[in-house]
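Heads up, the thing below is written out as structure tokens.
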Amino acid sequence: MPHFRTYDDAELHYRVLGPADSPLPPLVCLAGGPGRDAAYLGDLGGLAAHRQLIIPDSRGTGASPAADDPSRYAFPQLAEDIEALREHLALERFALLAHDAGAAVAQAYATRHPQRLTRLVLVCPGSRLQGELPDDAREIFEARAHEDWWPEASVAVQQLTEASDMSDVRELLFAAAPLAYGRWDESQRAHAATEGAQLGPVPRAGFWQGVDEQLRLALLSGLREVTCPVLVLTGDRDAVAGMRAGELVAASFPDARVRPLHEVGHYPWVDEPELFAPVVEEFLHGM
């Protein structure tokens, strides 16, 4: 795998998917979790068919080594790793896509380096940075109580709040996984089966460490100065982040729009790749 040296001389790795001779600008893609191996992004529903995707492994995930200093796992620090990747790739400006918790990294990056972004795509983001945790995800989950998987998933969700043993957590995550998808078919099951092994407990635990209220508000305030166009994608069956969180995130930027996707959960490129990829590509096409 190709690698780059970041600000503290750590050697981090990334993957490159898609045609090297594409006339389209590359798209840097950030995984969520937090602390999940970026392999779960796949090729983002075929986005790699026409342009290169640059997919970094954040510290302690995938092929990238664990951080010597646990504070390096905090998302504002992870944003500085993205700046080091940009310099390594010699990109003056670039488009950035982030999923789930990766959206917090992307927002921190946008606040600190707004002049470097041409487009920003945030896929099913949470709104903890915005200081609000809407409860519509729970409403979406409860609205699906008629589906066969729901009773087992409902119990697993409750047990996850107290589980500490990672083997138990991994089993419970799979039992609860259907709530993250628009439907529970073969492709969704296969995708969900990878989650447990891909999670890094230490990077996950460190993601919000050291981010106090003062820093949160400073980052949030900085988003008002981000002038690049922003697209926020939400799924009407996303019982992980819900839809309201995406609306709150979009409202933090001066030039953002929300695009709800129908019958889509937390992983829209898995549920509806033929819908997801064209929507993203259309937005990027203005670059």
Side-chain angles (χ1 to χ4, degrees), residues 6-8 10 12 28-36 38 56 58-61 67 69-86 96-117 119-138 160-161 199-234 238 240-258 266:
T6 189
Y7 63 91
D8 63 354
L12 305 181
V28 176
C29 305
L30 307 184
R36 186 172 178 182
S58 65
R59 295 173 187 250
T61 72
D69 180 350
S71 70
R72 300 291 192 259
Y73 292 124
F75 71 88
Q77 296 302 113
L78 297 180
E80 295 311 310
D81 292 333
I82 302 308
E83 175 61 4
L85 174 61
R86 181 199 67 78
L96 180 62
L97 178 148
H99 174 246
D100 182 61
V105 181
Q107 289 175 84
Y109 184 86
T111 291
R112 294 177 172 182
H113 307 281
Q115 75 282 5
R116 298 300 185 187
L117 294 177
R119 292 284 192 277
L120 178 59
V121 182
L122 303 178
V123 183
C124 301
S127 55
R128 183 172 173 180
L129 181 60
Q130 281 63 35
E132 296 187 47
L133 299 174
D135 60 3
D136 65 315
R138 182 68 191 180
L160 272 168
T161 61
L199 286 177
V202 177
R204 185 180 183 87
F207 192 76
W208 278 90
Q209 293 299 310
V211 182
D212 58 19
E213 186 66 0
Q214 182 178 2
L215 177 54
R216 184 188 73 80
L217 291 174
L219 292 171
L220 188 59
S221 176
L223 296 180
R224 303 309 306 171
E225 307 302 319
V226 178
T227 58
C228 75
V230 180
L231 175 65
V232 179
L233 297 177
T234 62
D238 184 356
V240 177
M243 301 179 72
R244 176 60 181 154
E247 296 169 0
L248 292 169
V249 170
S252 302
F253 293 90
D255 183 11
R257 63 179 183 267
V258 180
H266 197 58

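If you read the sequence from its start, that first residue is 1, and numbering goes on from there.
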Mind listing the closest non-hydrogen atom pair of Ala106 and Ala98 along with its distance? CB-CB, 3.7 Å
Can I get a per-line list of side-chain donor-acceptor pairs under 3.5 Å for residues 213-223, giving both atom names and the distance, sequence neighbours left out?
| unit_1 | atom_1 | unit_2 | atom_2 | d |
| --- | --- | --- | --- | --- |
| Glu213 | OE1 | Arg216 | NE | 3.0 |
| Glu213 | OE2 | Arg216 | NH2 | 2.7 |
| Arg216 | NH1 | Leu129 | O | 2.8 |

The complete set of ring pair (Phe, Tyr, Trp, His ring centres under 6.0 Å) pairs with one or both residues in residues 214-233, sequence neighbours excluded, reads none
By ring-ring contact (aromatic ring centres under 6.0 Å, His included), which residues pair with His266, not counting sequence neighbours? His99
Residue pairs passing the salt bridge (charged side-chain N to carboxylate O under 4.0 Å, His left out) test where at least one lies in residues 124-135, sequence neighbours excluded: none
Applied to residues 202-229, the ring pair (Phe, Tyr, Trp, His ring centres under 6.0 Å) test, sequence neighbours excluded, yields Phe75-Phe207, Phe75-Trp208
Please name all residues satisfying ring-ring contact (aromatic ring centres under 6.0 Å, His included) with Tyr73, sequence neighbours left out, ordered by chain then number. none
What's the separation between atom CG in Leu122 and atom CG in Leu233, rounded to the nearest 0.5 Å? 8.5 Å
How would you list, by chain and number, every residue that makes a side chain to side chain donor-acceptor pair (under 3.5 Å) with Arg86, sequence neighbours excluded? Glu83
For Asp136, what residues pass the salt bridge (Lys or Arg N to Asp or Glu O under 4.0 Å) criterion, not counting sequence neighbours? none
Heavy-atom check, side chain of Cys124 versus side chain of Asp100, under 4.5 Å: no
Residues in side chain to side chain donor-acceptor pair (under 3.5 Å) with Arg224, at least two apart? none
So, taking the atom named CG in Asp81 and the one named OG1 in Thr6, what distance separates them when rounded to the nearest 0.5 Å? 3.5 Å
Should Cys228 and Arg119 count as side-chain neighbours, where that means a heavy-atom distance under 4.5 Å? no
Glu225: what forms a salt bridge (Lys or Arg N to Asp or Glu O under 4.0 Å) with it, not counting sequence neighbours? none
Evaluate the side-chain contact (heavy atoms from CB on, under 4.5 Å) criterion for residues Arg257 and Leu231: first the C-alpha distance (whole Å), next the side-chain angles of each, then the deciding distance (0.1 Å), finally the verdict. CA-CA 5 Å; Arg257 63 179 183 267; Leu231 175 65; 4.1 Å; yes
Partners of Arg36 by salt bridge (Lys or Arg N to Asp or Glu O under 4.0 Å), sequence neighbours excluded? none
Taking the side chain as everything from C-beta on, heavy atoms only, tell me whether Leu120 gets closer than 4.5 Å to Phe253. yes
Do Leu12 and Pro56 come close enough that some side-chain heavy atom pair is under 4.5 Å? no
Gln130: side chain to side chain donor-acceptor pair (under 3.5 Å) partners, not counting sequence neighbours: Gln107, Ser252
